[in-house]
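For reference, the structure is listed below as structure tokens.
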There are 2 protein chains.
Amino acid sequence: MSIGQAAQRSGCTVATVRHYEDEGLLKAIGRAPNGRRVYGWPDIHRLRFVRRCRDLGFSVDDVRSLLGATDAPSPDCLAVRDMAVAHMKRLRVMRAEIDALEQSLSSLANTCNEACAIGRSPACTIVEDLGATASG
Amino acid sequence: MSIGQAAQRSGCTVATVRHYEDEGLLKAIGRAPNGRRVYGWPDIHRLRFVRRCRDLGFSVDDVRSLLGATDAPSPDCLAVRDMAVAHMKRLRVMRAEIDALEQSLSSLANTCNEACAIGRSPACTIVEDLGATASG
DNA sequence: GTGCATCCTCAGGTAACATGAGGATCAAGC
DNA sequence: GCTTGATCCTCATGTTACCTGAGGATGCAC
């Protein structure tokens with residue numbers, strides 16, 4: 001298969017496929033006599049694996065580790081699970097941060113909504129509030 | 001004030017303060033005869049404003065706009081509010097994505113937890129599941 | 001005057017690709 | 001056989017918001 005087909009079948013862009021190769025995530029990719037890359041189904045599966053892991057939010061470095069765990073003669077599924085669990089922790093932290101940001105923004109917006117309900121009011125403190133170094 | 005003091009009082013690093021200047025977020029910063037930057041309280045307030053907006057998740061470009069709205073003779077608080085509301089939308093999208101990721105990871109981890117409850121089992125499909133191009 | 005802290009200006013690194021330049025090759029149609 | 005458009009190649013640079021370090025000047029304390 002050409003890189004274009006590989007990209008299509010793996011859900012990557014052509015540039016991304018080349019990038020993953022540069023990053024060493026793929027096993028040696030063959031070359032046709034004309035110099036073009038040639039992909040087989042195992043390569044496609046590997047690309048899909050990488051793509052899916054990235055979609056799940058794992059970093060390329062994480063994916064490298066995940067591939068290491070799955071490349072072993074008998075895949076180390078416990079290691080994979082642990083990375084999944086670790087990633088869930090990060091996600092929970094991110095969500096907490098997002099929730100806090102939304103809170104702050106919401107109260108900021110409300111400041112203005114109340115003060116400027118009728119029209120723009122000089123009593124609106126949204127700008128000052130934005131500058132105030134509060135908890136957050 | 002020196003850049004070090006300005007950094008400390010605004011909650012930025014020295015490098016960040018220089019960076020914001022490069023980005024044009026600060027008004028002309030004075031220089032001492034020895035070439036060092038000199039900051040006044042208005043500069044500190046501005047830095048704090050920028051820092052707080054960044055902490056709230058606005059991009060530097062957003063901050064530029066926010067500064068534009070607040071620099072006006074009479075600050076355009078409605079514009080500020082609108083940007084806050086727009087940003088809240090983005091945050092909600094991000095949270096939805098995070099929730100979805102957590103779901104997927106959770107079900108992945110459960111796959112392994114169940115199959116490998118006693119010990120590592122060849123029946124565990126976590127690796128295959130990771131490779132499967134599912135909805136997500 | 002001897003350190004150590006702080007400052008200066010570049011330049012390059014980070015993450016994960018996207019985009020474009022400049023050029024070769026392929027497949028299809030005439 | 002030739003043109004045309006799609007695809008491929010490599011290499012370089014852009015993106016975001018800074019961080020880090022090189023190499024050197026200055027300031028302050030003892």
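A, B, ... follow the sequence lines: proteins, then strands. Residue 1 opens every chain. From a predicted model like this one, the values you see are computed outputs, not experimental measurements.
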If you draw a 6.0 Å radius around CD in B/Gln103, do more than 12 non-hydrogen atoms from other residues or ligands fall strictly inside? no

Counting only pairs under 3.5 Å, give me each side-chain donor-acceptor contact of residues 67-78 of chain B, with atom names and distances, residues two or more places apart or in other chains.
residue, atom, partner, partner atom, Å
B/Thr70, OG1, B/Leu66, O, 3.2
B/Thr70, OG1, B/Leu67, O, 3.1
B/Asp71, OD1, B/Arg46, NH1, 3.0
B/Asp71, OD2, B/Arg46, NH1, 3.4
B/Asp71, OD2, B/Arg46, NH2, 2.9
B/Ser74, OG, A/Arg120, NH2, 2.8
B/Asp76, OD1, B/Leu78, N, 3.4
B/Asp76, OD1, B/Ala79, N, 3.2

Of B/Val60 and B/Asn34, the one whose nearest nucleotide on DNA chain D sits closer to the 5' end is B/Val60

Check the distance between D/dT10's P and A/Arg36's CZ and give it to me in whole angstrom. 11 Å

Selection from D/dT7, D/dC18, D/dT20 that lies nearest to any side-chain heavy atom of B/Tyr20: D/dC18

Distance check: side-chain N/O of A/Ser2 vs OP1/OP2 of D/dC8, anything under 4.0 Å? yes

Heavy atoms of chain B, cut-off under 4.0 Å: which first and last nucleotide of DNA chain C, 5' to 3', fall inside that, if you could look? C/dT6 to C/dT9

To the nearest angstrom, how far is A/Ile29 atom CD1 from D/dC8 atom C1'? 15 Å

Between B/Glu23 and A/Arg31, which is nearer to the 5' end of DNA chain D once each is assigned its nearest nucleotide? A/Arg31

Under 3.5 Å donor-acceptor, B/His87 side chain and B/Asp62 backbone: no

Neighbour count above 12 (heavy atom, 6.0 Å) for B/Glu21 CD: yes

Under the side chain to side chain contact (heavy atoms under 4.5 Å, CB included) rule, collect the residues that match up with A/Arg18, sequence neighbours excluded. A/Ile3, A/Val14, A/Arg37

Rounded to whole Å, CD of B/Gln5 lies from C1' of D/dC28 at a distance of 13 Å

Would a hydrophobic clustering, with Ile, Leu, Val, Met, Phe, Trp and Tyr connected at side-chain separations under 4.5 Å, put A/Met1 with A/Leu26? yes

D/dC18 OP1/OP2 closer than 4.0 Å to side-chain N/O of B/Arg51: yes

Atom pair distance, as rounded to whole Å: CZ in A/Arg18 and P in D/dA12: 15 Å

Tell me the interatomic distance from B/Leu26, atom CG, to D/dA17, atom P, rounded to whole angstroms. 15 Å

